[in-house]
Amino acid sequence: MSLLRRLPPVLRALLAQALAFGALVALVRLGLRFPPLVWVLLQAVLAVFLSRWLDLSPRWVFMQAALPFLVRALWSLPIPAWVYLLLFLGLALVFGGGLLTRVPLYHASEDAWEKLEGLLPGQPGARFVDLGCGFGGPVTHLARLRPDGVFVGVEASPFTWLVAWLRCLPYRNAHIRLGSLWRVDLSGFDVVYAFLSPVPMPALWAKARREMKPGSRLISHSFEVPNETPHRVIPVRGREGARLLVFEL
Ligand SMILES: C[S@@+](CC[C@H](N)C(=O)[O-])C[C@H]1O[C@@H](n2cnc3c(N)ncnc32)[C@H](O)[C@@H]1O
């Protein structure tokens, strides 16, 4: 049970809807007959109950209750099935990479890019990586300003990766990789930068402690490492409370 509760919310939500649907199928098999709206209501009630049992937050429980009604409403519209497939694929290509790690796609401001520049080592050959590089804003900016350095971005969502990769084509010192940030060996970098979410921060810190070399620098955009005090905190313009938290390894 605790294993189920440790699954990412999106998987728990899907599981709750699937179990609720399975229960309805069992009721149909038993010969029960209700008007369509009653089935929709039953699906919503069961999904809410199971979502609470799976420890989903109130926001998720609300969405779980609304989903069956939304599906029913869309069902009656003349939308071809391929539109849903296309929408699903589009969303997966743009947001899929961060779904399981619970990291959404949003971007650091240009002010943050400029402040990152000031946190690079002064000597030539500095190596920088952006873990979850989005559309590649920080990497392209730094690669342009510091042709003497090497700038790497790693991105898990295919479409987002493609945009970053295309954007970096003019810079020979910028490289965008498609894949998981958890597979990147951090030992070869002087500066590791990440703008993620509170969820992966403990695991990222553990990885940084294991792999990063002494004298290197971990920079987290806005998200704290629990129980660790950053060596510097640099406010950045763009969104409320945005800041760069700098940890010296
Ligand atoms: C908040 S955006 C940050 C974008 C960029 N680094 C910036 O500062 O503007 C986080 C990005 O991390 C990506 N991401 C989430 N989990 C990832 C993972 N496990 N491996 C690689 N990228 C991931 C998301 O797809 C998203 O594009």
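Atoms within a ligand are numbered from 1 in the order they appear, just like the ligands themselves. One is the number of the first residue; the rest follow in order along the sequence. Basis for what follows: all heavy atoms, side chains included, without hydrogens, waters or symmetry-related copies.
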Any side-chain to backbone donor/acceptor pair from Arg127 onto Gly188? Under 3.5 Å, distance only. yes
Glu155 and Thr160: side-chain donor and acceptor closer than 3.5 Å? no
Judged by modelled atom types alone, do Asp185 and Ser187 share a side-chain donor-acceptor pair under 3.5 Å? yes
Ligand 1 atoms nearer than 4.0 angstrom to some heavy atom of Gly134 are 4 (C), 27 (O)
Is it true that Arg243 and Glu224 have a side-chain N and a carboxylate O under 4.0 angstrom from each other? yes
For the backbone of Gly153 and the side chain of Asp130, can you confirm whether one donor and one acceptor N or O come within less than 3.5 Å of each other? no
Taking Leu56's backbone N and O only, do any of them form a donor-acceptor pair with Ser51's side chain (distance below 3.5 Å, no angle check)? no
Closer than 4.0 Å to some heavy atom of Ser157 - which atoms of ligand 1 meet that? 25 (O)
Here the atoms of ligand 1 under 4.0 Å from any heavy atom belonging to Tyr193 are 6 (N), 7 (C), 8 (O)
May I ask which of Gly132, Ala108, Ser109 has a heavy atom nearer to atom 14 (N) of ligand 1 than the others do? Gly132
Is there any N or O on Leu196 that sits under 3.5 Å from an N or O of ligand 1? no
Is there a heavy atom of Glu155 sitting under 4.0 angstrom from any atom of ligand 1? yes
With a 4.5 Å limit on heavy-atom distance, are the side chains of Val10 and Trp60 in contact? yes
Does Ala112 approach ligand 1 within less than 4.0 angstrom via side chain, backbone, both or neither, non-hydrogen atoms only? neither
In ligand 1, which numbered atoms sit nearer than 4.0 Å to a non-hydrogen atom of His107? 9 (O)
Taking both backbone and side-chain atoms of Leu181, is any N or O found less than 3.5 Å from an N or O belonging to ligand 1? yes
Contacting atoms of ligand 1, where contact means under 4.0 angstrom from a heavy atom of Asp130: 5 (C), 6 (N)
Which of the atoms of ligand 1 are close to Gly179, meaning less than 4.0 Å from one of its heavy atoms? 20 (N), 21 (C)
Heavy-atom contacts with Ser180 under 4.0 Å: which atoms of ligand 1 show up? List them by number with element. 19 (N), 20 (N)
Which class fits the ring pair Phe135 and Phe159: parallel under 30°, tilted 30 to 60°, perpendicular over 60°? perpendicular
